[in-house]
*Asks:* 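What follows is a single structure, and I will ask about it in a moment.
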Amino acid sequence: MQVEQQQQQRQRKFVVLGFSAVGKSALTNQFVHEHFPDYYNPTIEATFHKVVRFKGRDTEILIRDTAGQDEYTIFHHRYCVGVHGYVLLYSVDNRQSFEMVKIINEKLLNLIGTDRVPRVLVGNKIDLDDERKVSQEEARALADSWGCPFVECSAKINHNIGKIFSLLLNEIEKEEKDDTHTDSNCLSLCRRVLSVRHKQTLDTFSSVLICATLAIGLATAIIGAILGLGAHLQSSWLSYLMLVVGLFTLLMSFLGLVGIRQSNRDFQLVYCVSLLLVVVVQLASVSYLLASECESCTYVQERRVSVVTVSFVSLLIEIIAVALSFYLRNSVVEEITAYQMLP
Ligand SMILES: Nc1nc2c(ncn2[C@@H]2O[C@H](COP(=O)(O)OP(=O)(O)OP(=O)(O)O)[C@@H](O)[C@H]2O)c(=O)[nH]1
C-alpha cells in the first residue's frame, strides 16, 4: 500500500531566482510553513519541501531558495540539473529588481540552452502598492514575450502564493504533454533510435563511396600526369585538365569524408556541389574525345570500350556518393540534431 502511494507521488523541483531582498525566502516560507518572517536575513541557499495535491495526485515539491542574483552572478549547473521549473521573482516596489529579473532569465536560458523552460514571472510585495515602481501591464508584457504566466503576490499577506506553484505545475504538465506529442513518445523514440542506426550504416556506406571517389581522383590525377609526360597526349590541354580534375576530386573527396565523419553539413555541401561539377567536366571531356578527330583523340577512340566502361563506373560511383552525401546532409543529420537537443 505504501509502495503504491510512493509510486503515485511524484516529485517536482523548483528554484526561486531573483535580485536580493525581493522576498524569495519570505515567499518560500509562506508557501511551506505558512509563516512570514518579518525580518531580513540574507540567504545563502536552502531547500524546502512540501507535499501538495495537484490534479488528484500527491506531489512533493522541493524548493531551492537561492542567494539573490545580479548581473555578475555566475549561474551554477545545480540550478538546472534535475530542476523542473523556476519562479522568477521581482519586487513591485523595486525597479532594479525588475530589470535584474530580465538578466536572470537570459542567463538561465543560456545555461539550459533552450527557451522551453517552465517558468512563472512573479511580482512580490503588492501590499506595498503605494510604492509601486513596476506596473502590472509592463510585467505582463514581459511574461507574454517569454511565453510564461505572470502573477502578482504578497508573501506578507499570503496573497496568491499557492497560485504561483499551481501555475508552475501546470506549465510543467504542458511542457510534458508537448514533449509526448512531439518528441518523446515511444514511437518517435524508436524512430530516432532506428534513424541513429540507419545513419551509422549510411555514414559507413557513404564514407566507402567517398573513399572510392578519392581513389578515382587520385587515379585521374596520376593518369593525367603520366599522359602529359608520356607520348600519347603530349602536353595537350587534356592531360592538364585530367591533372586538375583529379587533384580537385581528391581534395573535395577528403573534405566530403571529413564532413561525413564530423556531421559537418557545410563540408558535405561543398563536396556534393564540386563533385557534380567534376562529373559534368568528365562527361564533357569523354564525349569530346570520343567524337573528335584530334590526334590525341585517336588514342582514346582506339580504346573506346575500356574508356567508356571506366568512365561509366567512376561516374556512377561519383553520382551515388553525391546523392548519398546529399541525403545524409539534408535529412538524417537534421533528425539527429533534433534528437541531441532533447533535454
Ligand atoms: N511588505 C512586504 N515585505 C516583504 C514581502 N516579502 C518579503 N518582504 C520583506 O523583504 C525583505 C527581504 O525578504 P527576503 O525573503 O529575505 O528576501 P530574499 O529575496 O530572500 O533576499 P536574499 O536572501 O538576500 O536574496 C524582508 O525584510 C521581508 O520581510 C512582502 O510580500 N511584502
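Every number for a ligand or one of its atoms is a count from 1 in the order of the listing. From a predicted model like this one, the values you see are computed outputs, not experimental measurements.
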*Asks:* Heavy-atom distances under 4.0 Å decide this one: backbone, side chain, both or neither, for Leu128 against ligand 1?
*Replies:* side chain
*Asks:* With the threshold set at 4.0 Å, does a side-chain nitrogen-carboxylate oxygen contact exist between Lys174 and Glu171?
*Replies:* yes
*Asks:* I need the atoms of ligand 1 closer than 4.0 Å to a non-hydrogen atom of Gly68, numbered in the order shown.
*Replies:* 25 (O)
*Asks:* For atom 4 (C) of ligand 1, tell me which residue out of His159, Lys156, Lys125 has the closest non-hydrogen atom.
*Replies:* Lys125
*Asks:* How close does the nearest protein non-hydrogen atom get to atom 31 (O) of ligand 1, and which residue and atom is it?
*Replies:* Ala155 N, 2.9 Å
*Asks:* Quick check: Ala26 and ligand 1, any N/O pair under 3.5 Å apart?
*Replies:* yes
*Asks:* Report yes if some N/O of Phe36 lies less than 3.5 Å from some N/O of ligand 1; otherwise report no.
*Replies:* no
*Asks:* Quick one: look up the protein heavy atom nearest atom 14 (P) of ligand 1 and list residue, atom name and how far away it is.
*Replies:* Gly23 CA, 3.8 Å
*Asks:* So which heavy atom on Tyr86 is nearest to which on Ile112, and how close?
*Replies:* OH-CD1, 3.6 Å
*Asks:* Tell me the protein heavy atom at minimum distance from atom 26 (C) of ligand 1, and give that distance in Å.
*Replies:* Tyr39 O, 3.7 Å
*Asks:* Please report the closest heavy-atom contact between Met100 and Gln69, naming both atoms and the distance.
*Replies:* CG-O, 3.8 Å
*Asks:* Can you list the atoms of ligand 1 that are under 4.0 Å from a heavy atom of Asp127?
*Replies:* 1 (N), 2 (C), 30 (C), 31 (O), 32 (N)
*Asks:* Return the minimal non-hydrogen interatomic distance between Phe150 and Gly123, and the atom names on each side.
*Replies:* CE1-N, 4.2 Å
*Asks:* Which ligand 1 atoms, with their elements, are less than 4.0 angstrom from a heavy-atom of Lys24?
*Replies:* 15 (O), 17 (O), 18 (P), 19 (O), 20 (O), 22 (P), 25 (O)
*Asks:* Using a plain distance cutoff, I'd like to know if Thr66 has any nitrogen or oxygen under 3.5 Å from a nitrogen or oxygen of ligand 1.
*Replies:* no
*Asks:* I need the nearest protein heavy-atom contact for atom 12 (C) of ligand 1: residue, atom name and distance, please.
*Replies:* Tyr40 CD1, 3.4 Å
*Asks:* Taking all atoms of both residues into account, what is the closest heavy-atom pair of Phe14 and His84, and its distance?
*Replies:* CE2-CB, 4.4 Å
*Asks:* Would you say the side-chain atoms of Thr59 pair up with the backbone N or O of Arg10, donor to acceptor, closer than 3.5 Å?
*Replies:* no
*Asks:* Counting only heavy atoms closer than 4.0 Å, does ligand 1 sit against the backbone of Asn124, its side chain, both, or neither?
*Replies:* side chain
*Asks:* Under 4.0 Å, heavy atoms only, figure out whether ligand 1 is touched by the backbone of Pro37, its side chain, both or neither.
*Replies:* backbone
*Asks:* Using modelled atom types only, decide if a donor and an acceptor are shared between the side chain of Arg12 and the backbone of Ile172 within a distance under 3.5 Å.
*Replies:* no
*Asks:* Checking side-chain polar atoms at under 3.5 Å, does Lys156 have a donor or acceptor matched by the opposite partner on Asn124?
*Replies:* no
*Asks:* For ligand 1, is Ala21 a contact, meaning one of its heavy atoms is under 4.0 Å away?
*Replies:* yes
*Asks:* Sequence neighbours excluded, which residues qualify as ring pair (Phe, Tyr, Trp, His ring centres under 6.0 Å) partners of Phe31?
*Replies:* Phe165
*Asks:* With a 4.0 Å cut-off, would you call Lys133 and Glu99 a salt bridge?
*Replies:* no
